[in-house]
Every structure is written in C-alpha cells, then in structure tokens.
Amino acid sequence: MSTPATPPRSLAEALRARDDASLALLLRARPDLITPVPTDLTQLATRAGTRASVVRALERLDRFALQTAEALAVAGDPASYEELLGLMAGDAGDHTVVAALPRALGTLREQALVWGEDTRLRLVRTARELLAPSPQHPSPTGLGPTAAEASAGMSPGRIQEIVAAAGLPSTHDSVSAVAALTGLFTDRRRMAKLLGGLPEESLDVLRRLMWGPPYGQVTADPAPRLRRLLDLGLLLPTAPGTVVLPREVALHLRGGLAHRATEPVPPVVEAAASYRPQVVDATAAGQAYTALATVEELLKDWDEGGPAVLRAGGLSLRDLKRTAVALDVPEPVAAFWVELAYAAGLLASDGEADERYAATPAYDEWLEQPPAERWARLAEAWLTATRTPGLVGGRDAKERTLSALGPGLDRSAASEVRHRVLTLLAGLAEGTAPTAESVLARLRWERPQRREDDLRSRLAQWTLSEAELLGVTGRGALSAHGRALLGTGAPDRASTAHQPTGPAPDRASTAHEPTGPGDKLPVHHHPLPAPHPEPLSAAEQAVAVAAAGRLLAPLLPEPLDHVLLQADLTAVAPGPVRRPLADMLGVLADVESKGGATVYRFTPGSVRRALDAGQSASDLHAFLAAHSRTPVPQPLAYLIDDVARKHGHLRVGAASAYVRCDDDAMLNEILADKRAAGLGLRRLAPTVLASQADPAALLDGLRSMGFAPAAESAEGDVLIARAHSHRTPPRTAPEPVPDGPPVPDATLLTAAIRAIRAGDLASTTPRKQAPSAGPTGELPRTGSAETLATMQAAVLTGEALWIGYVNAEGAASQRVIAPVRVEGGFVTAYDHTADEVRTYPLHRITGVAELADD
C-alpha cells in the first residue's frame with residue numbers, strides 16, 4: 001500500500017492507512033492491544049496510547065530505539081527527520097548512527113509509538129510525557145527544559161533585560177523576546193560568538209551542567225562567573241536558589257547530541273574459549289547424566305516422605321541444608337535441583353494434614369523412561385519454567401525470606417531470558433564459550449533496564465550456571481542437544497534467531513533507503529528481524545525436545561548389569577547400573593563414594609537390611625554371583641552367612657513388646673547386659689522376655705547391643721520390612737506465569753484484523769442524516785414502520801444501510817448491513833461489520849439510515 005497523499009492527522013488515521021501485514025506486526029509486537037479485540041481502529045489507537053501499554057512497549061525496545069524515542073521527546077512536536085537525525089548523530093554526523101536510525105525509527109513506527117511523515121514525526125503523547133525531562137523525572141538524555149519552558153514564570157521586564165544583555169533588539173512582548181532568545185541559542189555561529197566572550201570560569205560551570213543533571217544551586221548573591229551566565233540567560237532560574245541550563249544551550253555545547261553515548265550497534269558477544277564440538281558434547285552429556293543421578297538421589301532420599309511443608313509454604317532453611325548435605329552440593333545448587341524436580345512434576349506436597357513433600361506418581365513413570373528422554377523432560381521443564389531458584393534465600397517486597405518450593409519465586413521474564421541467552425550462545429561458532437560480561441552487555445542493550453533492580457542480568461547469570469549443571473552447555477559452550485532444544489535446527493528459524501540486531505548496510509537501505517531532507521520514510525515499514533524470535537508452539541517444542549533427546553542418547557553411558565566385588569567388602573560399579581541391580585544394591589550395601597564409578601560398602605547393618613526386606617542368605621549369594629565380574633570374596637560370603645545365622649534367632653512382638661528365643665542362655669545374656677536396663681525387660685517364661693518399650697524401640701535396642709532380632713506378627717510369622725514408597729496424589733507441574741498476554745498466532749491475527757477492519761468500516765462509512773437520527777456518533781432512531789419500509793426497499797435495490805442494534809444483553813452497536821430478505825419479524829442481511837450473513841430481529845433495531853452517495 002502506498003503512502004496516502006493526505007498526511008495523517010492522528011494515530012488512528014495513520015493506522016487506517018496501514019495494510020494488514022503492518023497491522024499484524026503491530027499486534028505481534030504489542031499483544032496487549034488485542035486483548036480484547038478492539039471494535040475499530042480508533043479504539044485500537046486509543047488503547048495504543050494508554051499508559052500501561054506504552055510503558056510495556058518502551059520496556060521492550062532495544063537501547064538505540066529507546067534512545068531515538070528519548071530524542072523525539074526532547075525535539076519539537078512535531079519534529080522533522082532532519083531534526084531527529086541531528087539529535088542522534090550530532091553536528092559531526094556519525095555515519096553509524098545515520099545508517100541505523102531508519103531501523104530504529106521504523107521500529108517505533110511499527111509499534112505505533114511514532115506516527116506521521118518524515119516532515120512531521122510525532123511521538124505518542126503518553127510516551128512524550130514519560131520520556132520528556134522534568135525536575136521530578138530527569139530524562140536519560142540529561143537535558144533540561146527549553147528556554148521557553150524555563151522562562152515561563154519570569155517577569156516580562158527580566159526577560160527584556162536578558163534579551164538586551166545578549167545583544168538582541170528589544171521586543172513588545174515576552175513571547176517574541178523568548179523566541180528571539182531561542183533563535184540565538186539555536187544559531188551555531190552566533191552562539192559560538194556569545195560563548196567566546198565568556199571567561200573560562202563561566203564556561204566551566206556550563207560544562208559541568210552540559211551532560212546533566214542540568215540543575216544547579218546558587219546563592220542570593222551569585223559569584224561573578226554565575227552572574228554573567230544569569231544575565232545572558234545561559235542559566236535561568238526555576239525556583240529560589242535553583243537554576244537550570246536551557247536545553248538549546250546544552251545541545252550547542254554537546255555538538256547537537258541528545259545522548260552522551262549513542263549506541264546504534266549492539267555489543268558483540270565475545271568468545272572466552274573454543275573447544276572441539278565433540279569435547280563440548282561429551283562434557284555436556286556427562287553433566288546430563290550427573291543431573292539425572294542427582295534428581296534420582298534427591299527423590300530417593302524423600303521416597304518415604306520428605307520434609308514438612310512450612311505453614312507459609314515451601315521448604316525450611318534447615319531442610320534445605322540437610323538436602324544440600326545429602327546431595328553433597330552447595331545450598332543454592334540444592335535449591336536448583338529441588339525446584340527443577342518440582343517444575344518437571346516429579347515432586348509436590350502430599351496435601352495431607354501433616355503435609356510433607358514427596359515424589360509424585362509421575363516420578364515412577366519417569367524412572368521407566370530411557371535416560372535421554374528423562375533428561376529431555378527435565379530440560380524442557382527448566383527452559384519453560386518461570387520459577388527462579390536463584391531467588392531462594394532472598395527477601396520479597398514485605399521482607400519475608402523466599403524459600404525453595406515456596407510462593408514468590410515466579411518471575412515472568414525467566415523463560416524469555418533463558419531462551420535468549422541460549423540463542424546468543426547458539427549464534428556463536430560450535431564449541432565456542434562466550435564471556436559472561438559480553439552476554440550481559442548484549443542483553444542490557446536489547447532490553448535496557450529502567451529499574452534499579454537489574455533482574456534480567458541476574459537471570460542471565462543464573463541461566464549460564466544452570467545450563468552447565470543440567471548439561472545443556474559443556475565448558476560454557478552450547479552443546480548439539482542444547483541447540484536442538486531451542487528448535488534452531490531449521491535453517492529459516494536459525495537464521496532469524498541469530499540475526500545481528502545492529503543495522504547492516506543492505507538491511508538499512510531496505511528499511512529506509514533515502515536519508516536526504518526531502519525523502520520520505522515509508523509508513524509500512526518492515527524492520528530487521530527482531531532479536532527475540534517467536535516462541536515455539538507446543539507442537540514445535542515437542543519436536544525440539546524429542547530431537548534433543550535423540551542427539552543426547554548415544555552420548556550417555558550404557559547402563560551396566562554387573563559390579564566388581566572386592567575383598568575389602570566393597571563393590572565398584574564402573575558406570576551407571578541398570579535399575580533392578582541399582583535398587584538391590586541400594587538395600588544390600590551403603591554408597592561410600594560417587595563419581596565416574598560408584599563404590600558400595602557391605603556392612604552387617606546393610607546385610608541385615610536386605611534380610612529384613614525378605615531376602616535369604618542363599619538369595620544374596622546367588623544375586624552377587626550373578627552380577628559380579630569377579631568371584632564373590634570369602635569375607636563377604638562369611639559376612640552374609642554370619643548375619644543370616646543370627647537373623648531371626650530372637651523374635652520381637654507386641655506385649656507392649658516381647659522377646660522370645662529357644663536358647664534361654666541368650667536370654668540370660670540379654671538380661672545380664674547393662675545396656676538392656678532401659679528396655680525394661682523381665683522374664684515371663686524360660687524362652688520369653690517382656691519389655692515396657694514398643695517393638696520398634698526394642699528392635700533398635702537389641703540391634704545396638706549386637707544382636708540380630710527379627711520382628712514377628714501376632715500370629716508368630718516373621719514380618720518382612722520393605723521400604724515404603726510414599727507418593728502424592730496425581731499432581732500437575734506448576735504452570736509458568738506468562739509475561740503479559742501471549743503473542744497471537746496467525747489465525748487469531750487474521751480474524752482480529754478482519755474484525756477491526758469491519759468495525760472500522762461500520763464506524764467511518766458516510767451516511768445520510770435521517771430527520772429522526774440523533775447527533776453524529778449516536779445510534780439512528782426511526783419508527784418501526786419506517787424501519788420496515790426502508791429495509792424492504794433496500795432488499796429491492798440491493799443498497800447497504802446503517803442500523804443501530806441492541807443485542808439480548810442490552811449492548812448497543814452500529815452496523816452496516818445489506819438486507820437480503822425481510823419476513824416474519826426478522827431481517828436477513830450481509831453484515832459488513834461482522835463480514836458474514838446474519839439474521840436480526842426487527843424489534844431490536846433502533847433505527848435505520850441510508851448511506852451517503854459517496
């Protein structure tokens with residue numbers, strides 16, 4: 001669509017001149033404008049100018065686009081492209097800025113923050129109010145008010161004194177005097193001559209205020225160097241004891257620059273080190289395996305019920321420390337693993353009266369999956385989660401400590417920052433690790449932080465460390481399965497995601513080829529690819545996760561079905577072991593050390609634990625013989641037989657508790673042992689002892705004395721002590737907190753633009769004013785007979801009509817329809833507003849009017 005001959009007089013008219021593709025770009029960039037769908041383009045323009053929407057749009061601009069908006073806020077209203085270029089490039093004309101400015105201006109136009117032709121550029125009013133300098137809200141430009149704004153409260157006599165001191169002819173009114181003074185300050189030649197006559201001390205004062213803040217303090221009797229500046233109007237009083245440097249003077253001293261440092265090109269992500277891609281992938285795969293083992297160890301530790309849930313929700317600091325010790329990691333890392341298991345839906349609270357954390361039923365399903373698929377599920381949960389483990393231990397707005405698994409950890413920007421950091425890593429050569437400082441500098445350029453709390457930088461730092469822990473990166477470089485996880489395997493998506501955000505010469509010329517004073521910037525601008533690619537759909541994300549798992553699978557070690565038994569009562573697993581073997585070893589032995597190889601130690605207590613679980617000595621011998629690549633050492637065989645011989649010789653039941661044994665000599669030995677005094681034992685029969693302790697305490701007490709008792713039921717059968725796996729009811733993983741409205745898909749955009757166009761047609765179509773119609777903007781009002789007659793006539797002539805309509809909910813609207821049939825109290829017509837055929841009850845039509853002939 002070509003630029004209209006008549007310049008737009010409002011943002012609504014500028015939007016009306018856009019084509020559908022341009023409107024789609026606007027709604028994608030600012031999805032809050034489409035929630036709900038505006039009725040017409042006037043409402044869309046109104047919504048685009050609201051404070052909340054403008055603030056959100058400004059926060060999503062890159063640094064140079066934001067600097068361009070800040071320059072427009074201190075320029076005239078309207079401003080020309082040449083004036084804007086002068087503020088951005090300065091009198092010297094920075095060629096990089098000249099090449100990049102069309103892209104930045106195109107971005108502002110696309111997002112409806114700027115409208116108008118190059119000769120009359122207008123920043124939307126709300127954005128100007130937010131970015132224009134004021135004493136309460138200084139501008140990032142460091143500029144102050146104009147000479148006209150600063151002198152608004154001065155007396156006419158004082159203004160004439162300043163004009164005379166500056167060598168200007170006196171005028172009849174203050175307005176023309178201020179205009180003459182402004183003309184002097186904006187004239188480079190005359191201004192240079194005026195400043196050349198000032199002493200160096202006075203120039204030093206101006207230089208200190210030149211880059212801001214532009215306000216200074218003076219006494220009632222200023223020094224001569226200040227008095228001269230006040231007399232010439234180079235400093236103007238704004239309040240008693242306060243002076244300001246006028247904007248025009250500051251711009252002259254700066255050489256026309258609105259910003260001290262203009263940044264048209266994004267910082268380059270620098271390489272810290274380079275490795276062979278195979279080394280990176282192998283390192284990342286090793287860390288991925290460690291991640292799986294860590295999550296399994298965490299949930300195995302909580303298998304019979306984990307820590308209690310705090311009253312306010314979350315994990316206590318004491319329990320977090322215990323978890324960190326159990327996992328042998330620092331507390332922040334332990335918080336990361338706990339939160340990751342929670343985000344993946346493997347961990348939740350059980351919801352009981354004595355509420356505790358435990359594994360979910362999904363954890364058991366997860367354990368049955370292949371290792372690569374288990375890792376892919378963890379990686380997907382991490383990438384999309386908005387919960388931020390790095391905040392654990394900090395404080396919220398009410399100074400309450402933030403706890404792991406507790407409320408207050410969601411940050412809507414977390415997922416977007418993770419994607420962006422990994423995308424920046426994917427833009428480097430394979431095997432290249434970036435410097436953290438350059439990544440943070442790039443993110444700050446893409447989204448300048450306007451708040452004191454630079455959350456995005458902290459999120460980026462946490463992302464780099466968490467990606468290494470999870471095995472998405474290896475040695476700081478993005479792995480092959482990490483790239484697949486982003487969905488960057490397709491060339492078109494990869495090229496879009498990795499495009500530099502700085503202006504390239506060919507792109508800049510495409511966006512805005514002419515840069516001369518008479519050239520026009522096209523209204524329908526198609527800017528460079530955004531630095532933030534569109535998020536993957538659910539289907540695309542599933543494909544990417546599956547591809548990442550397939551790439552990782554051959555890099556993970558193959559689980560073993562054997563161990564190496566040693567004579568020192570240890571077993572060495574030289575790699576990961578298969579689940580049945582790992583489960584049995586976890587009962588029969590204690591883990592002594594972990595790493596590339598896991599060392600298990602057999603003790604009397606661990607062997608007794610296996611016997612308590614229902615295994616016999618022969619079962620244990622057969623198990624070890626079947627799964628050891630070395631012969632079963634004699635000390636281990638003796639240990640099993642010795643513990644089994646004693647196991648169950650004593651029987652403990654409920655009396656409150658009793659001990660029975662066929663060997664009365666052993667019972668005599670127990671009674672004579674001083675360590676049994678606390679158990680309150682007494683003999684009931686030659687083979688039976690009764691105790692005041694409960695059966696569990698009696699079992700523990702006898703075991704501590706070196707015996708191997710077995711528990712029995714009321715029927716006298718041996719009780720098999722199996723590990724009890726506590727599970728929560730079915731739980732869903734926590735939903736990420738969205739960062740504002742979701743980006744609309746193509747289907748929604750097409751339908752929304754169609755509805756907006758139709759509504760705009762209905763609201764802007766010229767119509768004849770019927771005698772009974774209300775003022776412009778109100779619904780037409782006609783009698784039922786006139787409405788019916790007009791409808792019937794329109795059916796015969798095929799003409800369109802303007803009607804007022806009130807629906808069943810009482811909402812009134814105006815529509816443009818082409819009646820097709822009128823019968824039975826209903827009119828069937830093609831509704832141009834809805835772009836479809838509809839049927840309306842005649843009694844709900846308030847009135848009808850014919851459209852104007854043109």
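Arg225 meets the side-chain contact (heavy atoms from CB on, under 4.5 Å) test with Glu201, Ser202, Val205, Ala223; sequence neighbours excluded. Applying the salt bridge (charged side-chain N to carboxylate O under 4.0 Å, His left out) rule to Arg207 yields the partners Glu200, Asp204; only residues at least two apart in sequence or on another chain are considered. For Arg247, the salt bridge (charged side-chain N to carboxylate O under 4.0 Å, His left out) test picks out Glu149, with sequence neighbours left out. Partners of Thr386 under the side-chain hydrogen bond (donor to acceptor under 3.5 Å, both in side chains) rule, at least two apart in sequence or in another chain, are Asp410. For Val97, the side-chain contact (heavy atoms from CB on, under 4.5 Å) partners two or more places apart in sequence, or in a different chain, are Phe64, Met88, Ala89, Asp94, Thr262, Pro264. Residues passing the side-chain hydrogen bond (donor to acceptor under 3.5 Å, both in side chains) test with Arg47 are Gln43, sequence neighbours excluded. Every residue two or more places apart in sequence or in another chain was checked for a salt bridge (charged side-chain N to carboxylate O under 4.0 Å, His left out) with Arg120, and none qualifies. With sequence neighbours left out, the side-chain contact (heavy atoms from CB on, under 4.5 Å) criterion links Ala148 to Thr146, Val178. The salt bridge (charged side-chain N to carboxylate O under 4.0 Å, His left out) test applied to Arg51 returns no partner, not counting sequence neighbours. Annotation: side-chain hydrogen bond (donor to acceptor under 3.5 Å, both in side chains) contacts of Thr401 (sequence neighbours excluded): Arg395. Shown here are the side-chain hydrogen bond (donor to acceptor under 3.5 Å, both in side chains) partners of Arg418, two or more places apart in sequence or in another chain: there are none.
The CZ atom of Arg420 sits 4.0 Å away from atom CG of Leu424, with the distance rounded to the nearest 0.5 Å. Distance check, rounded to the nearest 0.5 Å: CG of Leu41 to CG of Leu23 gives 6.0 Å. Going from atom CG of Leu198 over to atom CG of Leu234 covers 6.0 Å, rounded to the nearest 0.5 Å. Glu446 CD to Arg60 CZ: the interatomic distance, rounded to the nearest 0.5 Å, is 12.5 Å. To the nearest 0.5 Å, the span separating CG on Leu229 from CG on Leu235 amounts to 4.5 Å. Distance check: Ser10 OG to Leu15 CG gives 8.5 Å after rounding to the nearest 0.5 Å.
Of the possible polar contacts, one joining the Gln160 side chain to the Thr171 backbone as a donor-acceptor pair under 3.5 Å is found. Of the possible polar contacts, one joining the Arg411 side chain to the Gly408 backbone as a donor-acceptor pair under 3.5 Å is found. At least one donor-acceptor pair closer than 3.5 Å links the side chain of Trp445 to the backbone N or O of Glu263. Of the possible polar contacts, one joining the Glu83 side chain to the Gly76 backbone as a donor-acceptor pair under 3.5 Å is found. Side chain of Arg30 to backbone of Arg56: no donor-acceptor contact under 3.5 angstrom is found. A donor-acceptor pair under 3.5 Å links the side-chain atoms of Gln67 to the main chain of Ala261, judged by distance alone. For His419 (side chain) and Ser415 (main-chain N/O), a donor-acceptor pair under 3.5 Å exists by modelled atom type. A side-chain donor-acceptor contact under 3.5 Å links Ser134 to the backbone of His137.
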**Message:** Between Thr242 and Gln217, is the side-chain contact (heavy atoms from CB on, under 4.5 Å) condition met? List the steps.
**Reply:** CA-CA 5 Å; Thr242 304; Gln217 302 295 320; 3.5 Å; yes

**Asked** Would Glu129 and Arg125 satisfy side-chain contact (heavy atoms from CB on, under 4.5 Å), going step by step from the backbone distance to the final call?
**Response** CA-CA 6 Å; Glu129 293 171 354; Arg125 183 185 305 172; 3.6 Å; yes

**Asked** Step by step, would you call Thr388 with Arg458 a side-chain contact (heavy atoms from CB on, under 4.5 Å)?
**Response** CA-CA 10 Å; Thr388 310; Arg458 291 193 291 153; over 6 Å; no

**Verdict with reasoning, Glu416 to Arg456, per salt bridge (Lys or Arg N to Asp or Glu O under 4.0 Å)** = CA-CA 10 Å; Glu416 186 268 327; Arg456 288 178 62 84; 2.8 Å; yes

**Message:** Could you walk me through whether Leu84 and Leu72 satisfy the side-chain contact (heavy atoms from CB on, under 4.5 Å) test, starting with their C-alpha distance in whole Å, then the side-chain angles of each, then the deciding distance to 0.1 Å, before giving a yes or no?
**Reply:** CA-CA 6 Å; Leu84 175 62; Leu72 279 172; 3.8 Å; yes

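Contact of the Val249 side chain with the Leu209 side chain is not registered, since no non-hydrogen atoms from C-beta on lie closer than 4.5 Å. Within the 4.5 Å cutoff, the side chain of Leu206 has no heavy atoms near those of the Met210 side chain. Taking 4.5 Å as the limit, every side-chain heavy atom of Ile159 sits out of range of all side-chain heavy atoms of Leu181. Under the 4.5 Å side-chain criterion, counting only non-hydrogen atoms from C-beta, Leu251 is in contact with Leu87. The closest side-chain heavy-atom distance from Leu236 to Val243 is not below 4.5 Å. At least one side-chain heavy atom of Leu26 sits less than 4.5 Å from a side-chain heavy atom of Arg18. No side-chain heavy atom of Leu226 sits under 4.5 Å from any side-chain heavy atom of Thr219. The shortest side-chain heavy-atom distance between Leu443 and Leu459 does not fall under the 4.5 Å cut-off.
Shortest non-hydrogen contact noted between Asp32 and Pro741 is CA-CG, 3.7 Å. Nearest approach of Ala258 to Thr141, heavy atoms of both residues: O-CB, 3.2 Å. Closest heavy-atom contact between Pro7 and Glu13: O-OE1, 4.3 Å. Closest heavy-atom contact between Ala147 and Thr182: CB-OG1, 4.0 Å. Among all heavy-atom pairs drawn from Ala272 and Thr435, the shortest one is CB-CG2, 3.6 Å. Among all heavy-atom pairs drawn from Ala69 and Leu123, the shortest one is O-CD2, 3.6 Å.
More than 12 heavy-atom neighbours from other residues, nucleotides or ligands sit within 6.0 angstrom of CZ on Arg254. Summarising the local packing, CZ of Arg188 is surrounded by more than 12 heavy atoms from other residues, nucleotides or ligands at distances under 6.0 Å.
Counting only residues at least two apart or in different chains, salt bridge (Lys or Arg N to Asp or Glu O under 4.0 Å) contacts with residues 155-176 comprise Arg158-Glu161, Arg158-Asp231.
Asp62 pairs with exactly one of Arg442, Arg447, Arg103, Arg444 by the salt bridge (Lys or Arg N to Asp or Glu O under 4.0 Å) rule, that one being Arg103.
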